[in-house]
**Q** 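Before I ask anything, let me first share the structure, which is written out below as structure tokens.
Proteins get letters first, then strands, A, B, ... in listed order; numbering begins at 1 in each.
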Amino acid sequence: MSAAEPLFEARGLACIRAGRLVFADLGFALYPGDALVLRGPNGSGKSSLLRLLAGLTPRAAGELRWQGKGVDPTSEAHRARLHFVGHVDGAKAVLTVRENLQAVAALLGGSADLDAALAAFHLVPFADIPVRWLSAGQKRRLALARLALVPRPLWLLDEPAVGLDRRNCARLAELVTGHRQAGGICVVATHGDIELGDAFVLTFPESAA
Amino acid sequence: MNAFLALVRRDLAIARRRLGETLLAGVFFVLALSLFPLGIGTSADLLARIGAGVIWVLALFAVMLTLDRLFQADHEDGSLELLLLSPQPLALLVLAKCLAHWLSTGLLLVLVSPLLALLMALPQTALWVLPLALLIGTPTLTLVGAIGAALLVGSRRGGTLVALLVLPLWIPVLIFGVGAVDGYLLGLGGRPQLLILAAMLLLALALAPLAIAAALRLAAE
């Protein structure tokens, strides 16, 4: 991690939601293999930051840089380098696990590895079952399986371990470790339910509202 | 293009598995129309005179019934977020959703419309003019209606509001749709009206996806 340029850098980010300043002057610099853990009470802005980084929420101020060049988070080029897993699982209830992953693979583009995605969270036994028969934790595993489906350098995970049992938390931690060893970056909002090793921690203060 | 086809295929697979819900528009279309001969009597002259207009109005209502689920279902299960995160142009993906929507609703109306023409005692010519006019007009209904549906994603009471928002925008389609059919039935010819319907479709094809994409981005904030 001695490269001169950080891979992913944020400077002076600010976010305004519903007329309220959620955070301001937020910055970080991440090198290949780094992980950034977002901590803080509910409503302190962790999700807002992740959605901003994914280009879903507009930023009020600040800039983002990828490999030293400024990026527009709403651009298609930026979307092609990230995985965002938010609170909703994004699976169609009437389609099977496999069909859902196929649809996700087509949307995300690139070379998809369906078998790896099914194996990553041990989804093979219910690959051909409609998603509506799955439990909340199993749906969560399906949402996370897209991390293994298509390789992307930047992972943005919003409380990914909610609803996961201990074994699948370990699988997730393993997947993140492998991703970092391959030079990827991971930004995770979590309450400490997955083990991430040496990660930077960004603590959000109690919000004023 | 790969993502476009995959999305059409996905939405059609969902429509196939929710067949009851999908056929709702067509069933409503036939059922509501069959009330007219019962309500206003079986005078063939009267029915034939109002037939084209009534069928078109009911087609509008039938499409309206299906609109609020177009993006709302995706919003609720989170797959809308996936569309927004796809590196493909959002307008293209939105067009795929509209195509799938039309194939599972508008096309159905086109296919059953000759039956309705018989129910309303329309002359023989209507058996091909009516489906043709609907074939050109209903995709515009889907595209314009989808703008309203996208604007109201996430709002409660979206179903009723979408009617207020979209019905006024559909008036041109109604006017020229009925005009085309009546023109042929009265022996005046309806080619100009059909061409105007086609022009409206081309305009909607070019502009509506951009408007829908912008509205969906706004909804995701």
**Q** Quick check: does any side chain N or O of A:R79 sit under 3.5 Å from a backbone N or O of A:T74, one acting as donor and the other as acceptor?
**A** yes
**Q** Is the side chain of A:R17 donor-acceptor paired with the backbone N or O of A:G45 at a distance under 3.5 Å, no angle test?
**A** no
**Q** Does the distance from a Lys or Arg side-chain N to an Asp or Glu carboxylate O, for B:K97 and B:D74, drop under 4.0 Å?
**A** yes
**Q** Please check this pair: side chain of A:R152 against backbone of A:R81, looking for a donor-acceptor N/O pair closer than 3.5 Å.
**A** no
**Q** So, are B:R69 and B:E76 salt-bridged, with charged N and O less than 4.0 Å apart?
**A** yes
**Q** Enumerate the residue pairs fulfilling ring pair (Phe, Tyr, Trp, His ring centres under 6.0 Å) with a member in residues 44-80 of chain A, sequence neighbours excluded, ordered by first and then second residue.
**A**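 Found A:F8-A:W66.
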**Q** Under 4.5 Å, heavy atom to heavy atom: which of residues 85-101 of chain A reach chain B? Give them by number, or say none.
**A**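 Within residues 85-101 of chain A, the residues under 4.5 Å from chain B are A:G86, A:V88, A:D89, A:G90, A:A91, A:K92, A:A93, A:V94, A:L95, A:T96, A:E99.
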**Q** Which residues in residues 123-130 of chain A have any heavy atom closer than 4.5 Å to a heavy atom of chain B?
**A** none
**Q** Which of these, A:S44, A:P205, A:S48, sits in a side-chain contact (heavy atoms from CB on, under 4.5 Å) with A:F23?
**A**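 With A:F23 as partner, A:S44, A:P205, A:S48 yield a single side-chain contact (heavy atoms from CB on, under 4.5 Å), made by A:S48.
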**Q** Would you say A:R141's side chain and A:F121's backbone share a donor-acceptor pair under 3.5 angstrom?
**A** yes
**Q** With distance as the sole test, does A:W155 use its side chain to make a donor-acceptor pair with the main-chain N or O of A:V176 at under 3.5 Å?
**A** no
**Q** Considering only heavy atoms and a distance below 4.5 Å, find which of B:L85, B:L7, B:L83 pairs most often with chain A.
**A**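 Heavy-atom pairs under 4.5 Å are most numerous for B:L85.
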**Q** Do any side-chain atoms of residues 18-29 of chain B form donor-acceptor pairs under 3.5 angstrom with protein atoms, and if so which ones, sequence neighbours left out?
**A**
residue : atom : partner : partner atom : Å
B:T22   : OG1  : B:A15   : O            : 2.7
B:T22   : OG1  : B:R18   : O            : 3.0

**Q** Looking only at heavy atoms and a cut-off of under 4.5 Å, which of A:V104, A:L108, A:L107 has the most pairs with chain B?
**A** A:L107
**Q** Among B:A73, B:A220, B:A6, which has the most heavy-atom pairs under 4.5 Å with chain A?
**A**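 It is B:A220.
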**Q** Check each atom of B:L93 against the heavy atoms of chain A and say whether the ones under 4.5 Å are side chain, backbone, both or neither.
**A**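 B:L93 touches chain A through side-chain heavy atoms alone.
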**Q** Please check: side-chain N/O of A:N168 versus main-chain N/O of A:R171, any donor-acceptor pairing under 3.5 Å?
**A** no
**Q** Looking only at heavy atoms and a cut-off of under 4.5 Å, which of B:L90, B:L84, B:N2 has the most pairs with chain A?
**A** B:L84
**Q** Salt bridge (charged side-chain N to carboxylate O under 4.0 Å, His left out) for A:E9 and A:K69? Distances and angles first, verdict last.
**A** CA-CA 9 Å; A:E9 194 184 3; A:K69 286 192 211 70; over 6 Å; no
